[in-house]
Number of protein chains: 2
Amino acid sequence: MYSTGMSGTDTAHKLIEATQELLWERGYVGTSPRAIQQRAGAGQGSMYHHFGGKPDLARAAVRKSAQEMRAAAEADLSREGSARERVRAYLGRERSVLRGCRIGGLAQDPDVVADPELRAPLQETFEWLRARLTEVLAEGRANGEFGPAFDPAGTAATIVAVVQGGYVLARSAGDPGPFHEALDGLLRLLDCQAAEPGTRS
Amino acid sequence: MYSTGMSGTDTAHKLIEATQELLWERGYVGTSPRAIQQRAGAGQGSMYHHFGGKPDLARAAVRKSAQEMRAAAEADLSREGSARERVRAYLGRERSVLRGCRIGGLAQDPDVVADPELRAPLQETFEWLRARLTEVLAEGRANGEFGPAFDPAGTAATIVAVVQGGYVLARSAGDPGPFHEALDGLLRLLDCQAAEPGTRS
DNA sequence: GTCTATAGCCCGATAGAC
DNA sequence: GTCTATCGGGCTATAGAC
């Protein structure tokens, strides 16, 4: 049994990956050790040998998913190009919209928010994302892409929320449409934040 | 057993209200008939006499919650005042942020989105809200509150998403702060959509 | 490390008395 | 209408053999 994120055996990895998938598909309450074992092709004893139980395994899985989500966002945000282009690349990335956000979706689960170790990766991921977007937008303002009244931190908070809310609306509609409409509306609002013509460096 | 939303007995009402509360607190998967009966002060037989089972009772509860949410939004959006004031009133309404949205929270549950009758109230509520916000914003543009390039429908979609996403971020953080930051950022973006000085009617 | 067996509890639902 | 009894099954976890 370990949960410190180090290498681990093949079986342990399979268990973590199966848990990641099931947490995404069914949430924490809806994910049973039994289902994890079946998807991982491992037995009871195997799972309880490597992990202390469902919460322990879930903590490892959520940490890994958070890391992966952060890496994907960083890939878009650290591209070449203007701030607006990088934000657009982040927002326009292909997503399996109807599946929802692997991290944000867990925030709905009462057992997740009640367990500080389970909730921490959610909080840290969104805080990191907001801070990273703030950096990008602040660079954009410094370059004259946005006017001096433009608020990088507040806008970053809004961007993160629109993506998460877009997932909620799409799943409610059973259709990715509302997700894209919300993002398009946001981009149009952003486009109007341009500095006055001629002031751009 | 009924589920057509008509008056019904006192016990049936208590069961629906208990279900509304539990769906909000624990989600659909996390809500058991047993827990509903205990909170409503009713027995097994009572519940299965009035309703066909958990899905049937949940459908009645979700429809009622959706109606209540819509009424609350309409109260803010039909006030006296400018479009911007009404949107601000809607966004600024007191909310128990950490509880999340009674309707949007259910979109995360796979059993809810898989059941068309259970998902329909979610879709309809958000569609109605978006349409209503579009109306308000279009009035604002007609009155000269916003410039001619302003996009009421796209902005309405974004507004709905920011609120839903704000709940996700707040629950992830265990703190209402991110909800309010996202809304403030949105309002700042909206403020920059003003028509040029002097063009307002 | 992995297996099977078992535990005790809750799930969602049905049956039938009153 | 409401009650209690009961069902078959899944849940999370532990025990102990191999």
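These numbers come from the heavy atoms of this one structure, side chains and all, not from hydrogens, waters or symmetry mates. To find a chain, count down the sequence lines: A is the first, B the second, and so on, and within it residues start at 1.
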Next on the checklist: Whether the side chain of D184(A) engages the backbone of G154(B) through a donor-acceptor N/O pair (distance < 3.5 Å, no angle test) should be reported.
Outcome noted: no

For residues 174-182 of chain A, tabulate all N or O donor-acceptor pairs below 3.5 Å that involve a side-chain atom, not counting sequence neighbours.
residue	atom	partner	partner atom	Å
D175(A)	OD1	G177(A)	N	3.0
E181(A)	OE1	R130(B)	NH1	3.4

Checklist outcome for this item: The dot-bracket string of DNA chain D, counting Watson-Crick and G-U wobble pairs with both distances under 3.5 Å, using [ ] for crossing pairs and | for pairs to another strand, is ||||||||||||||||||

Item to check | D76(B) bridged to R88(B) by N-O distance under 4.0 Å | outcome: no

Next on the checklist: Please report the interatomic distance CG(L23(B)) to CD1(I16(B)), rounded to the nearest 0.5 Å.
Outcome noted: 11.5 Å

Next on the checklist: Distance under 4.0 Å to a non-hydrogen atom of chain B counts as contact; along DNA chain C, which nucleotides mark the start and end?
Outcome noted: dC11(C) to dT14(C)

Item to check | Reading 5' to 3' through nucleotides 8-14 of chain D, protein heavy-atom contacts under 4.0 Å coded B for base, S for sugar-phosphate only, - for none | outcome: ---SSBB

Checklist outcome for this item: Residues passing the ring-ring contact (aromatic ring centres under 6.0 Å, His included) test with Y28(A), sequence neighbours excluded, are none

Item to check | Contacts of type ring-ring contact (aromatic ring centres under 6.0 Å, His included), residue Y90(B), not counting sequence neighbours | outcome: none

Next on the checklist: Within this structure, what is the CD1-CG distance for the pair I159(A) and L190(A), rounded to the nearest 0.5 Å?
Outcome noted: 5.0 Å

Checklist entry - Is there a donor-acceptor pair under 3.5 Å between the side chain of R119(B) and the backbone N or O of A173(A)? => result yes

Checklist entry - So, does D109(A) use its side chain to make a donor-acceptor pair with the main chain of D111(A) at under 3.5 Å? => result yes

Next on the checklist: Tell me the closest heavy-atom pair linking F126(A) and S172(B), and the distance in Å.
Outcome noted: CE1-OG, 3.4 Å

